[in-house]
Amino acid sequence: MSFSSLKVPLSELNLSLTLRSGQCFRWRRRSEKNKDGLEVWVGVVKGHVLSLVQDQDQNMIHYEFLNKRHGDKRIKVDEEEFLRNYFQLHTSLTDLYKHWSDVDPVFKKTAAKFPGVRVMNQDPVENVFSFICATANNIKRIQKMVEAMCLEFGDHLFDDPEFGPLHAFPSVESLSKETVTPALTRLGFGFRAKYISCSAKMIISGGIKPLETLSSPSTPSHETRTELMKLSGVGKKVADCISLFSMAKTEPIPVDTHVYQIACKLYKMKGLDPNKSNSVSDKKYKEIANFFQTLFGSHAGWAHSVLFTADLKL
DNA sequence: GCCGACCCTGGCA
DNA sequence: TGCCAGGGTCGG
């Protein structure tokens, strides 16, 4: 039991909302609150098993790295930097909320009830294969599938008293093996099993540019998107999610059924039928994305995450 | 550019 | 028990 603390107000990071916003799939809330009656979150990030607690009254996030090995020399400054980087705390969410509220009354109204919803900076490999699982799926099942994939192909990291064995996200190499498709099919991945194996092979063989290159600030987001869409099971929507959530692009708007509904009902966009929002046409997709990008500016994808989270009715 | 198929689950009538 | 939607993508 050795928690450290990070000074962060709720307006900059709302842990509960952010971790449930559907951008990441490996965070779980403990069934029991801690001694102070606060929610405890456990997740796996780049081989680290993390426990996080938000103390709203103190403007603090308490954190603990659970799978420290004996003699681990990692120092507090590194851990703090690791978290600041993961949650992108260098970007002021307060400033962004203010800007979005100034330009859009609809956002302003929503944001009041949903403060601190932030886009995280996740591992590209994990994000690619997690969002391939997201196709025609719901968040609960995506989480189950991602966890199953980690248990099957990822390295063991830690045995949690409540959640049992926690594994790292599998490497691209391990997902490119011939045994992967049958294994994932057995695990109930359905048509996504072959997408995962096929995409892993493509990444390994250099069928697309390296993920690190696509994540680089010097690669424009339209190029990142085009490259990602070469992967099997990755269309425009999934490519936009990956770009936004793990490749440091801030303007992509993943237009899914929720965003379609939001554009239709909250923003009264013309030509949208609320009764058939599944499989958005290329044209409508572009229109909706353009609308929000014009409205919100360079961090439109971040604003979208706030509206999306609000729509989830968590 | 528009369908229908695709795997599987949980919720609901 | 049957139907349907769930953060879509692919192929015709």
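Throughout, protein chains are lettered first and strands after them, A, B, ... in sequence-line order, and every chain is numbered starting at 1.
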B/S/- contact track for nucleotides 6-13 of chain B, protein heavy atom under 4.0 Å: BBBSS---
Derivation of the salt bridge (charged side-chain N to carboxylate O under 4.0 Å, His left out) call for Lys201(A) and Glu178(A): CA-CA 10 Å; Lys201(A) 287 177 188 168; Glu178(A) 291 305 325; 3.3 Å; yes
Whole angstrom value for the distance that separates C1' of dT9(C) from CG of Asp256(A): 14 Å
Nearest-angstrom distance from the residue atom OH of Tyr260(A) to P of dG8(C): 13 Å
Sub-6.0 Å ring centroid separation between Phe245(A) and Phe131(A): yes
Sugar-phosphate, base or nothing in reach of Val259(A), heavy atoms under 4.0 Å: nothing
Within residues 230-237 of chain A: residues closer than 4.0 Å to DNA chain C (heavy atoms): Leu231(A), Ser232(A), Gly233(A), Val234(A), Gly235(A), Lys236(A), Lys237(A)
Leu228(A) CG to dG8(C) C1', straight-line distance once rounded to whole Å: 15 Å
Qualifying ring pair (Phe, Tyr, Trp, His ring centres under 6.0 Å) pairs, either residue in residues 207-232 of chain A, two or more places apart: none
Atom-pair distance (OH on Tyr285(A); C1' on dG7(C)), nearest Å: 10 Å
Met60(A): hydrophobic cluster co-members (side-chain, 4.5 Å): none
Contiguous pairing runs of three or more, Watson-Crick or G-U under 3.5 Å, that involve DNA chain C: B:2-6 with C:8-12, B:8-13 with C:1-6
Within residues 299-314 of chain A, residues whose heavy atoms come under 4.0 Å of DNA chain B: none
Atom P, compared across dC7(B) and dG12(C): separation rounded to whole Å: 15 Å
Sequence neighbours excluded - salt bridge (Lys or Arg N to Asp or Glu O under 4.0 Å) pairs with any residue from residues 204-213 of chain A: Lys209(A)-Glu223(A)
Interatomic distance, Ile288(A) CD1 vs dG7(C) C1' [rounded to whole Å]: 13 Å
side-chain contact (heavy atoms from CB on, under 4.5 Å) partners of Thr181(A), counting only residues at least two apart: Thr185(A), Ala193(A), Lys194(A), Ser197(A)
Ring center gap for Phe107(A) and Phe296(A) short of 6.0 angstrom: yes
Qualifying residues under side-chain contact (heavy atoms from CB on, under 4.5 Å), relative to Ala239(A), sequence neighbours excluded: Arg225(A), Leu228(A), Met229(A), Val234(A)
Set of residues satisfying side-chain contact (heavy atoms from CB on, under 4.5 Å) with respect to Ile204(A), sequence neighbours excluded: Val172(A), Glu173(A), Ser176(A)
Nearest-angstrom distance from the residue atom NZ of Lys283(A) to C1' of dC3(B): 18 Å
Rounded P spacing from dG7(C) to dG1(B) in Å: 27 Å
ILVMFWY cluster membership beyond Leu50(A) - transitive side-chain contacts under 4.5 angstrom: Leu6(A), Val8(A), Leu13(A), Leu15(A), Leu19(A), Trp27(A), Trp41(A), Val45(A), Leu52(A), Ile61(A), Tyr63(A), Phe65(A), Phe82(A), Leu83(A), Tyr86(A), Phe87(A), Leu89(A), Met120(A)
Spacing of His258(A) atom NE2 relative to dG6(C) atom P, expressed in whole Å: 7 Å
Minimum heavy-atom distance between Ser216(A) and Ser218(A), given as atom pair plus value: OG-OG, 2.7 Å
Gap between atom CZ of Arg118(A) and atom CG of Asn14(A) - 0.5 Å precision: 11.0 Å
side-chain hydrogen bond (donor to acceptor under 3.5 Å, both in side chains) between Asp240(A) and Tyr285(A), worked out: CA-CA 11 Å; Asp240(A) 283 341; Tyr285(A) 192 107; 2.6 Å; yes
Separation of atom CD in Gln261(A) from atom C1' in dA5(C), rounded to whole Å: 12 Å
Where at least one partner belongs to residues 303-314 of chain A, residue pairs that pass side-chain hydrogen bond (donor to acceptor under 3.5 Å, both in side chains), sequence neighbours excluded: His258(A)-Asp311(A)
